[in-house]
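For ligands, and for the atoms within them, numbers begin at 1 and follow the listed sequence. The shown structure was predicted, so the numbers you read here are calculated from the model rather than taken from an experiment.
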Amino acid sequence: MTAVTDSGVEGCVADVLAIAAHRDDVEQTCGGTLLRMAARGLRTAILDLTQGEAGTRGSGDERAREAEDAAKLLGVGWRQALKLPDGAIENSLENRLEIVRVLRVVRPRVVILPYWQARHPDHAIVAALGYEACFLAGLGKAPGAAPAVRQTAPSARAMRLAAPAPAPAVAPAVRSAESSVRAEGERNSLELAPHRPFKIVYASLYADVRPSFIVDITPFIEQRHAALMAYRSQYANQAAGGGLFVPEEEIRERTFAEARHYGLLAGVRYGEPFVQKEVGLVDDLTLVPVQSI
Ligand SMILES: [Zn+2]
């Protein structure tokens, strides 16, 4: 998998793209799911929308290095951070178009967004911003696309990360897009072909809402924790922000307890919760998982 570089767009297709407001959001809410998808041979990617400059601890540069370390631990093939203002993300046309550009390059079948009700305003806004960008990305003529995309290309920070996962077992339409994207990467990014993700799911770990489904992350809980703790500037015990942040040991206890709670809802040990707006579709009643009684 090739990275998006500051000088332009190259092929970098993924099956699952997690979009989040801040570096470490993905590690907290759906890192185990990304690990599970990678273990299934799917290609995974992360788009963080901010650089994390407003954090109490650490700098944007530190968080960039930590995010790269975390992505390797999560088996993610591609990760990029836009430069939307940390703490003041807006659902504007300009920001939607920045995400449209990424969606048309990465061409995911599934997009993971934060749940739309959240304590942090950035998280709630990203739910709507991401959804609307997914819609816009599928339009043949996105309004105002040319100037906004031209502005965003030089600011993109990209990282080449871990080696891509083995060939995925996903819909042929997604796999077959890779060669065409690579070819299109050599063209002007304004000419990227429209792409609309098939599925949008919302990571609801921190929302007071009943999940639509749980992903069993039992085999990946320790690795997910290691990815979160890669953000040493945020979570290692230190004086700065001591009144705001919980001790390192308690982070483990809290995150494992949350995963255990959601795992119990689905009859597994550790789980991550998601909400989907659509109803489920069943082919065979005898194969529907999660025991009733
Ligand atoms: Zn966040």
What residues form a side-chain contact (heavy atoms from CB on, under 4.5 Å) with Glu132, not counting sequence neighbours? Asn91, Arg96, Ala128
For Leu205, what are the other residues in its hydrophobic cluster, where any two members join if their side-chain heavy atoms are less than 4.5 angstrom apart? Tyr206, Ile214, Tyr262, Leu265
Would Arg252 pass as a cation-pi partner of Phe256, given that its NZ or CZ must be under 6.0 Å from the six-membered ring centre and within 45 degrees of the axis? yes
Will you find, in the side chains of Thr218 and Asp216, an N or O donor that is under 3.5 Å from an N or O acceptor? yes
If the test is side chain to side chain donor-acceptor pair (under 3.5 Å), which one of Arg65, Glu27, Arg63 qualifies with Tyr231? Glu27
Under-2.8 Å protein N/O/S neighbours of the Zn ion (ligand 1), ordered by chain then residue number: His22 ND1, Asp25 OD1, Asp25 OD2, His123 NE2
Hits for side-chain contact (heavy atoms from CB on, under 4.5 Å) against Phe198, two or more places apart or cross-chain, chain-then-number order -> Arg109
